[in-house]
Amino acid sequence: MDLAFARKDAAALKAESRFSQAVEVLADALERAARAFGPKNPEVIDLRIELADALFLGGDYRRAAPEFRRLAADLAEREKPGHDLVLRCRLMEANCHAAVGETNLALTQLGALLDDERRFGVDEDRILELRRQIGLLELGSGRRLRAKTTLSDLLRDLEQRYGPRHPNVDKIREILESLDDL
């Protein structure tokens with residue numbers, strides 16, 4: 001079994017935006033590798049990550065979400081719950097739910113992720129970006145008042161961290177001004 005060849009083939013297919021074919025290649029390689037090495041083998045986990053990413057990139061969010069959820073659980077066992085890859089898989093699962101319109105679930109997951117990232121001492125820039133994503137999802141789902149609160153709090157922290165003229169500050173300020181105009 002040549003996992004390197006399967007990965008290379010899948011990467012080439014993804015580069016050509018042929019995601020469903022990349023998924024087939026990765027799923028086939030994953031099935032064989034899992035039988036040979038077990039589902040929690042590092043090589044198998046790497047293939048599972050590539051498969052979940054290919055599903056996401058191809059817009060198959062309903063299949064990608066449970067893949068990311070299982071990966072987060074398995075990686076948390078192997079590493080620690082605060083490991084970057086665990087947190088990334090949790091974020092990707094929430095993004096999948098948001099993409100299919102499961103906004104309440106996505107916001108719940110993003111809120112829990114935000115709490116955990118703060119607890120684990122994750123880089124402040126990543127926390128600020130997660131807060132931005134939450135505010136925009138709230139806004140996009142019609143929760144204007146909640147979004148205004150989230151984004152106003154974020155604006156204060158962005159200004160404090162980057163100063164009042166930073167592009168990220170300007171973007172959030174513009175969004176908040178557009179909320180005032182409605």
Could you walk me through whether F120 and H83 pass the side chain to side chain contact (heavy atoms under 4.5 Å, CB included) test, one step at a time?
-> CA-CA 9 Å; F120 295 133; H83 188 273; over 6 Å; no

Please assess Q21 against E16 for the test side chain to side chain contact (heavy atoms under 4.5 Å, CB included), listing each intermediate value before the final yes or no.
-> CA-CA 10 Å; Q21 290 171 306; E16 296 173 6; over 6 Å; no

Could you please spell out the steps behind the salt bridge (Lys or Arg N to Asp or Glu O under 4.0 Å) verdict for D116 and R90?
-> CA-CA 11 Å; D116 286 346; R90 290 177 57 196; 2.7 Å; yes

Where do D46 and R7 land on the side chain to side chain contact (heavy atoms under 4.5 Å, CB included) test, with the steps shown first?
-> CA-CA 10 Å; D46 288 347; R7 281 195 172 103; 3.1 Å; yes

Where do V122 and L130 land on the side chain to side chain contact (heavy atoms under 4.5 Å, CB included) test, with the steps shown first?
-> CA-CA 11 Å; V122 170; L130 184 54; over 6 Å; no

Would you check, one step at a time, whether the test salt bridge (Lys or Arg N to Asp or Glu O under 4.0 Å) holds for E129 with R132?
-> CA-CA 5 Å; E129 174 56 27; R132 184 191 68 80; 2.5 Å; yes

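The hydrophobic cluster containing L57 also includes F19, under a criterion of side-chain heavy atoms closer than 4.5 Å among ILVMFWY residues, counted directly or through chains of members.
Closest approach of I172 to L151, counting heavy atoms only: CG2-O, 3.6 Å. When all heavy atoms are compared, the tightest approach of D170 to R165 is OD2-O, 3.7 Å. Shown here for G135 and A147, the closest heavy-atom pair between the two residues is O-CB, 3.5 Å. Here the closest heavy-atom approach between residue A22 and residue K14 is recorded as CB-CG, 3.7 Å. R131 approaches T150 most closely through the heavy-atom pair O-CG2, 3.8 Å. In terms of heavy atoms, L26 sits closest to L47 at CD2-CD2, 4.0 Å.
Using a 4.0 Å cut-off between charged side-chain N and carboxylate O, E31 and R35 make a salt bridge. Here R156 does not pair with E159 in a salt bridge; the nearest charged N to carboxylate O distance is not below 4.0 Å. In this structure, R126 pairs ionically with E117, as a charged nitrogen and a carboxylate oxygen lie closer than 4.0 Å. Classification of D2 and K8 as a salt-bridged pair fails, no side-chain N sitting under 4.0 Å from a carboxylate O.
Within the model, atoms OH of Y61 and CG of L55 stand 11.0 Å from one another, a figure rounded to the nearest 0.5 Å. Atoms CG and CD, on D84 and E79 in that order, are 10.5 Å from each other to the nearest 0.5 Å. Atoms CG and CD, from L71 and E67 in turn, are 6.5 Å apart once rounded to the nearest 0.5 Å. The distance from atom SG of C89 to atom CG of D53, rounded to the nearest 0.5 Å, is 8.0 Å. Distance check, rounded to the nearest 0.5 Å: CG of L30 to CD1 of I45 gives 10.5 Å. Here Q109 contributes atom CD and E102 contributes atom CD; the two are 9.0 Å apart, rounded to the nearest 0.5 Å.
A continuous path of ILVMFWY side-chain contacts below 4.5 Å connects L154 to Y162, so both sit in one hydrophobic cluster. If you chain together hydrophobic residues whose side chains sit under 4.5 Å apart, L136 and V169 fall into the same group. Tracing side-chain contacts under 4.5 Å through hydrophobic residues (I, L, V, M, F, W, Y), one never reaches L128 starting from L113; they form parts of separate clusters. Both M92 and V100 sit in one connected hydrophobic cluster of ILVMFWY residues. Membership requires side-chain heavy atoms under 4.5 Å apart, directly or through other members. Hydrophobic clustering (ILVMFWY, side-chain heavy atoms < 4.5 Å, transitive): L139 and L176 are in one cluster.
L13 is listed as a side-chain neighbour of V25, based on a closest heavy-atom distance under 4.5 Å. Within the 4.5 Å cutoff, side-chain heavy atoms of L107 are placed close to those of R143. Looking only at side-chain heavy atoms (C-beta outward), L158 and H166 stay at 4.5 Å or farther from each other.
Considering only residues two or more places apart in sequence or on other chains, D28 meets the side-chain hydrogen bond (donor to acceptor under 3.5 Å, both in side chains) condition with R32. Partners of A76 according to the side-chain contact (heavy atoms from CB on, under 4.5 Å) rule, which considers only residues two or more places apart in sequence or in another chain, are V86.
Inspection of the N95 and Q133 side chains reveals an N or O donor paired with an N or O acceptor under 3.5 Å.
No donor-acceptor distance shorter than 3.5 angstrom exists from the side chain of S152 to the backbone of T149, with no hydrogens or angles considered.
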